[in-house]
Amino acid sequence: MSIEPETARSRLLALREELRDLSVAAREDRQPVALDQQSVGRLSRQDSLQVQAMAKAAEARRAQEIRRIDAALERLENDEYGWCVECGETIEARRLEIDPATPRCAGCA
């Protein structure tokens, strides 16, 4: 592995923090849509429901990515970072630079 462990750790922690910040910023969009017949018409309510559904889907993707990052941080702690979880071969440095949380080499991905 040619990527330094501390560099990888710093990038992973920064990515995780960014995802958590995005999650907090989008919290309001995930809240239940209030039924207010006076100010929200049927189409506006549908738009609000669509925004809510998209926000929930984005949150699920962020949560999945945070789990990948946490797993990569755990591999770093166990001196297993940079090794493919499938075949045990090294993961190419370029691949780790692009996605520091990747658990697999290009062949196994």
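All heavy atoms count here, side chains included; hydrogens, waters and symmetry mates do not.
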Rounded to the nearest 0.5 Å, what separates atom [atom1] in [X] from atom [atom2] in [Y]?
X	Y	atom1	atom2	value
Q52	Q50	CD	CD	11.5 Å
T102	R95	OG1	CZ	4.0 Å
L76	L12	CG	CG	6.5 Å
E74	E80	CD	CD	8.0 Å
I98	R94	CD1	CZ	4.0 Å
Y81	T90	OH	OG1	12.5 Å

**Study point:** Distance-only polar pair, side chains of Q64 and R61, donor-acceptor under 3.5 Å
**Key:**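 Per modelled atom types, Q64 and R61 side chains form no pair under 3.5 Å.
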Review point. So, are R20 and E17 salt-bridged, with charged N and O less than 4.0 Å apart?
Key: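 E17 and R20: not salt-bridged.
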Practice item. Answer yes or no: is there an ion pair linking E18 with R62, defined by an N-O contact shorter than 4.0 Å? Key: no
Check your understanding: Between the main-chain N or O of E6 and the side-chain N or O of S10, is there a donor-acceptor pair closer than 3.5 Å?
Key ->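 Yes; at least one donor-acceptor contact below 3.5 Å.
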Check your understanding: Is there side-chain contact between L73 and E77, with at least one heavy-atom pair below 4.5 Å?
Key ->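 The answer is no, as the side chains (C-beta and beyond) never meet within the 4.5 Å cut-off.
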Practice item. Quick one: closest heavy-atom pair of R75 and A101, and the distance? Key: NH2-O, 3.2 Å
Check your understanding: Looking at C87 and C105, what are the two nearest heavy atoms and their distance?
Key ->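 Where C87 meets C105 most closely, the heavy atoms are SG-SG, 3.8 Å.
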Review point. In the single-linkage hydrophobic clustering (I, L, V, M, F, W, Y; side-chain heavy atoms under 4.5 Å), do I66 and L13 co-cluster?
Key: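 Yes, one cluster joins them.
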**Study point:** Pairs meeting criterion salt bridge (charged side-chain N to carboxylate O under 4.0 Å, His left out) with involvement of residues 99-109, two or more places apart
**Key:**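 Non-adjacent pairs meeting salt bridge (charged side-chain N to carboxylate O under 4.0 Å, His left out): R68-D99, E86-R104.
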